[in-house]
Amino acid sequence: MSLTLTELWVVLGCGAVTLLSRMLPFALLKKFKLPAGVIDFLTFVPIAIMTALCCQNLFVAHPGHWATLNLANCYAAIPATLAGILTKSLLAVVVVGIMAMAVLRYFQIG
């Protein structure tokens, strides 16, 4: 399978845009000092992203109706959350969450 010249330019262009959009902010912010208020505000970004990712997996959207809970994911989130609170380790959260989901699927719970 060979790429046409147009496809090659599209791939190179997309790669350049991705690279610049990820590197340019770091390069610019390295030269400027952000105000303390902006830095304090940016500390909330990771928790906001994690909340959005978790909520997306805990609820099932039904267009035109209320969302429902994905019970299996909710059950697996409980021990994973406890692991996070107790260990403060992302690795522990991931391992416990995967193990909890495996047990739930094995016993067909949720």
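- The hydrophobic cluster of Trp66 has no other members, since no ILVMFWY side-chain heavy atom comes under 4.5 Å of it.
- Val96 forms part of no hydrophobic cluster, judged by ILVMFWY side-chain heavy-atom separations under 4.5 Å.
- Listed by chain and number, the hydrophobic cluster partners of Leu90 are Val94, Ile98, where partners are ILVMFWY side chains within reach of under 4.5 Å, directly or through others.
- In this view, Leu71 and Leu69, Tyr75 satisfy the side-chain contact (heavy atoms from CB on, under 4.5 Å) rule, not counting sequence neighbours.
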Would you mind writing out the side-chain donor-acceptor pairs for residues 78-89 within the sub-3.5 Å range, not counting sequence neighbours?
from  : atom 1 : to    : atom 2 : distance (Å)
Thr81 : OG1    : Ala77 : O      : 2.7
Thr87 : OG1    : Ala83 : O      : 2.6
Thr87 : OG1    : Ser89 : N      : 3.3
Lys88 : NZ     : Ile85 : O      : 2.9
Ser89 : OG     : Leu91 : N      : 3.4
Ser89 : OG     : Ala92 : N      : 3.3

Ignoring hydrogens and angles, write down the donor-acceptor pairs under 3.5 Å from the side chains of residues 100-110, residues two or more places apart or on other chains.
none

Which side-chain N or O atoms in residues 17-24 pair as donor and acceptor under 3.5 Å with protein atoms at least two apart or in another chain?
from  : atom 1 : to    : atom 2 : distance (Å)
Thr18 : OG1    : Cys14 : O      : 2.9
Ser21 : OG     : Val17 : O      : 3.1
Ser21 : OG     : Thr18 : O      : 3.1

What side-chain donor-acceptor pairs closer than 3.5 Å can you find for residues 45-63, not counting sequence neighbours?
from  : atom 1 : to    : atom 2 : distance (Å)
Thr51 : OG1    : Ile47 : O      : 2.7
Asn57 : ND2    : Leu53 : O      : 3.1
His62 : NE2    : Thr68 : OG1    : 2.9

